[in-house]
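Notes follow the structure.
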Amino acid sequence: MKNPEVIVIGSGIGGLCCAGLLAKAGKKVLILEAHSKPGGAAHGFQKDGYTFESGPSLWSGIGTWPTTNPLGQVLKALNQKVELIKYQDWNVQIPEGDYTIGVGDKRFLDQINSISGNDAIKEWEHFIQVIKPIGAAANAIPLIALNQNKETIFQLLRRSKTLVTHLKSFKYLGGAFGNLVDEHLKEPFLRNWVDLLCFLISGLSKDETNAAAMATLFDDWFKPDAYLEYPKGGSESIVKALLNGIYSFGGKLQLNSKVSQIIIKRNKAIGIELKNGEKILADHIVSNADIWNTLDLIPKEISQKWREERSTTPKCKSFLHVHLGFNAEGLENIPLHSIWVDDWSKGITTERNVVVLSIPSALDPTMSPPNKHILHGYTPANEPWEIWKNLKIGTEEYERTKEERCSVFWKPIKKLVPDIEERIEIKMLGTPLTHQRYLNTKHGSYGPALSAAEGLFPGNKTPIKNLLMCGSSTFPGIGIPPVAASGAMAATTILGSKFQRDLIKELDI
C-alpha cells in the first residue's frame, strides 16, 4: 500500500480490531507483521495434515448478539461471522480428584456439592448474587464507548439514567477481585477455584486481577444457559474473519515485515523503518507490540522519562508448550479442555503447578486427519525466564532442559490417554524462547504483571504525538476481550467522537 494513513505494528487480535475499525471509517490502513502468519498468539500452523493452535483456547461471547464481548462487537461492525461449536464442560484434575466441571450455574453447583457439600453451595450462591450487580455495572459501560478523548465524559452522561442504577457497584470496578473473594468466600475449594480462574485469565492471582474483568466473566459463565464457543477451524478462524473485514474496507496486511524503528521528528511519529531498510510514512502509528518491544522501536533520546518509567513495567512469567498429533482410535468422548493443578498449597502462580490441555479435534474433526487428534498443552504464565535466558536453541543443554521442564505435561496427559507414547505421531515442545521467537513477546511474557490493587493498565496514548498503543500492555489489560477493546479504543482515539458515536448507535450498545 502506498501512502497509508495509519500503520499498525503487529497483527495480534488488538491490532486487527484497531485496523478493522480504521478501515471501516475509510482510513488507508496498513498492518505490518514480522512473521509469516498473522494473528499473534491466535495464529495456527499446519504440519502433516494437523492444524495446531498456538495460543488462546477459551472463547465465549462472540457467537450471539447482543454481546458484551468487544471482539464480538468488532466482528459485528465488520460484518463478519465465525462458525462456532458450542460446549459447556471441561475436565479438571485437581487435588480433590478428577471432575467434569463446566459453565452454567446448575452444572457447577452439582460439582460443588460433590466436592465440598451443601454449605459450600450456599456460600457460592451468595457470592454469585454479590457478583451479578458488579458484572452488570461493568457491562453498563461498553469498553468500546471509552477512549482517551474528552468525549468519554459525554458518553457516560448520555448513559446516566442507566448508570445510576449501578452506582453502588461502581466502587468495586477498579480494584482487585481478591477483596470480594476474601469478604464472601471461606470454603477452601471455592477460593482455590476462583484463584485458578483469575490466573488463567490474567496471569495473576485473585489479589491482583481486576474485579471488573472477573465480574464480567462470572456474569457470562454462571448463567443458567451459559456455554463456551470453539471456532471451527481453530483460533485462526477468528483471525481470518477480522482480516476479511479489514480487506472488505480496503485495509492491507504485509507479512514478513519486521519493524526496526519508529521514525520520530519533533516528537511526532511520522512513519516506520523496516529491518530491510525500507521506510514507510504515515499520519499515525499504532503499536500492537508489548510495551518493552515498543520502547525498543523508539530512538533512545526520545521521551526518556516516559521510557524509563515504562521500561520497569513488571512482566508476567512465560510458558512451556507441548504440541502432539496422535492416533485417536478408541478415544471416544475425550474432553476438549483439561486443567491440572498439582498442589493448591503451593500457590496458583507457582512454576509448573498448573497445566492447561486443549484437544480441539475432539469437537472439530477438521483440525486433524481422520482418526487422529491434536493436543496443545501449556503452563499458563508460570515458567520463569531466568531458567532460559542464557540457553541457546539447538544446543544439547537447551534440548535437555526442554525435555526435563516439559515433563510436567505427561502426568495430566496420561490421565486422559494412558498409552499416549504409543500413539504419538508428531511431538513438538516449546519454551519461553520459542514463545518469544514466534509471538514477539519480551522474554516470552504473557504481558505486564500490573496489579489491579495498584490501579488500571495505562491508556493507549504515549508522550509522542500520533503514536498510540493497543494490546495487552494497555487498558483494559490481558486476555482476548480486553485486547480487542484496546484495539477499538485506539481506533476511536484516532477517528474521533463522531465515528465512535455512530458506531455505538449502529451496534445499539
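Here, residue 1 is the first one in the sequence, and each next residue gets the next number.
The ring-ring contact (aromatic ring centres under 6.0 Å, His included) with His323 is formed by just one residue from the set Tyr50, Phe45, Tyr378; it is Phe45. Applying the side chain to side chain contact (heavy atoms under 4.5 Å, CB included) test between Phe218 and each of Ile134, Val130, Ile131 identifies Ile131 as the sole match. Paired with His337 under the rule ring-ring contact (aromatic ring centres under 6.0 Å, His included), one option of Trp59, Tyr230, Tyr87 passes, and it is Tyr87.
By the 6.0 Å contact criterion, CZ on Phe189 is enclosed, its count of non-hydrogen atoms from other residues, nucleotides or ligands being greater than 12. Within 6.0 Å of atom CG in Asp508, 12 or fewer heavy atoms from other residues, nucleotides or ligands are found, so the atom counts as exposed in its surroundings.
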Mind listing the side-chain donor-acceptor pairs of residues 468-475 below 3.5 Å, one per line with the distance, residues two or more places apart or on another chain?
residue	atom	partner	partner atom	Å
Ser473	OG	Ile291	N	2.9
Thr474	OG1	Gly471	O	2.9

Please tabulate, for side-chain N and O atoms in residues 411-418, each donor-acceptor pair with protein atoms closer than 3.5 Å (sequence neighbours left out).
residue	atom	partner	partner atom	Å
Lys414	NZ	Glu421	OE2	2.7
Lys415	NZ	Asp98	OD1	3.3

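Between the side chains of Ser361 and His373, at least one donor-acceptor pair of N or O atoms lies under 3.5 Å.
Ring geometry for Trp193 against Trp90 counts as parallel: the plane angle stays under 30°, on a 0 to 90° scale with 60° as the upper cut. Relative orientation of the Tyr446 and Phe319 rings is perpendicular, given thresholds of 30° and 60° on the angle between their planes. Between Trp385 and His443, the ring planes lie parallel to each other; the angle is under 30°, not in the 30° to 60° tilted range.
Taking 4.0 Å as the cut-off between side-chain N and carboxylate O, Glu123 and Arg191 do not count as a salt-bridged pair. Note on Asp110 versus Lys106: salt bridge recorded, some NZ/NE/NH1/NH2 to OD/OE distance being below 4.0 Å.
Residues passing the side-chain hydrogen bond (donor to acceptor under 3.5 Å, both in side chains) test with Trp124, sequence neighbours excluded: none. In this view, Glu187 and Ser116 satisfy the side-chain hydrogen bond (donor to acceptor under 3.5 Å, both in side chains) rule, not counting sequence neighbours. Under the side-chain hydrogen bond (donor to acceptor under 3.5 Å, both in side chains) criterion, Trp344 pairs with Glu96, sequence neighbours left out.
At least one side-chain heavy atom of Arg423 sits under 4.5 Å from a side-chain heavy atom of Leu331. Residues Pro360 and Leu336 form a side-chain contact, since some pair of their non-hydrogen atoms from C-beta on lies under 4.5 Å apart. Between Leu242 and Leu71, some side-chain heavy-atom pair lies under the 4.5 Å cut-off. For the pair Ile426/Phe52, a side-chain contact is recorded, criterion being any heavy-atom separation below 4.5 Å from C-beta on. Using a 4.5 Å cut-off on side-chain heavy atoms (C-beta onward), Leu433 and Arg437 make no contact.
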* Step by step, would you call Glu383 with Arg405 a salt bridge (Lys or Arg N to Asp or Glu O under 4.0 Å)? -> CA-CA 9 Å; Glu383 181 66 5; Arg405 297 296 291 178; 3.0 Å; yes
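Listed by first and then second residue, the side-chain hydrogen bond (donor to acceptor under 3.5 Å, both in side chains) pairs involving residues 65-83 amount to none (not counting sequence neighbours).
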